[in-house]
Amino acid sequence: DGAPPSEARLDVTLGIRPRPDLTLLAQAFFVETVEPGTRQYPDGGYARLQLSAVLDLSQRWSVQVGANAVVAGRNALAENALLVAVWRRF
């Protein structure tokens with residue numbers, strides 16, 4: 001059935017810093033196929049929302065915790081996830 005169809009993607013992030021050591025992030029990730037799909041790779045798309053907080057531990061290190069979920073979609077998995085990430089500034 002060939003390769004997966006090409007996709008258009010849009011990521012949007014809004015962040016605020018209520019304190020000097022804390023960043024709150026609201027993110028949205030959108031994916032939509034831009035060409036006809038196949039039986040193996042049907043066309044579709046989804047919207048995923050993510051909320052997280054990034055706490056600065058030092059000038060170089062931060063930790064991020066949050067959650068995300070697919071809130072709308074067509075031929076997409078209904079995924080939910082928790083996330084933990086470590087940031088290092090260079």
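All heavy atoms count here, side chains included; hydrogens, waters and symmetry mates do not. Predicted model, so just to flag it, every value in this text is computed and none were measured.
Within the 3.5 Å criterion, the main-chain N or O of G44 finds a donor-acceptor partner in the side chain of T33. Distance alone, capped at 3.5 Å, is enough to place a donor-acceptor pair between the N75 side chain and the D43 backbone.
For G45 against A76, the heavy-atom pair with the smallest separation is O-CB, 3.7 Å. Across every non-hydrogen atom of S58 and R89, the tightest pair is O-NH1, 4.1 Å. Across all their heavy atoms, G15 and L25 have their closest contact at CA-CD2, 3.8 Å. Closest heavy-atom contact between L83 and A67: CD2-N, 4.2 Å.
Around atom CZ of R88, more than 12 heavy atoms belonging to other residues, nucleotides or ligands sit under 6.0 Å away.
V31 and V70 fall within the same hydrophobic cluster, where Ile, Leu, Val, Met, Phe, Trp and Tyr residues are linked whenever their side-chain heavy atoms come under 4.5 Å apart, directly or through other members.
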Problem - Trace of the side-chain contact (heavy atoms from CB on, under 4.5 Å) decision for V54 with R17 - result: CA-CA 9 Å; V54 182; R17 260 187 153 358; over 6 Å; no
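Here L22 contributes atom CG and D56 contributes atom CG; the two are 8.0 Å apart, rounded to the nearest 0.5 Å. Distance check, rounded to the nearest 0.5 Å: CG of L55 to CD of Q64 gives 11.5 Å.
Taking the side chain as every heavy atom from C-beta outward, D11 and Q50 never approach each other to under 4.5 Å. You'll find the side chain of R74 reaches within 4.5 Å of the side chain of E32, heavy atoms only.
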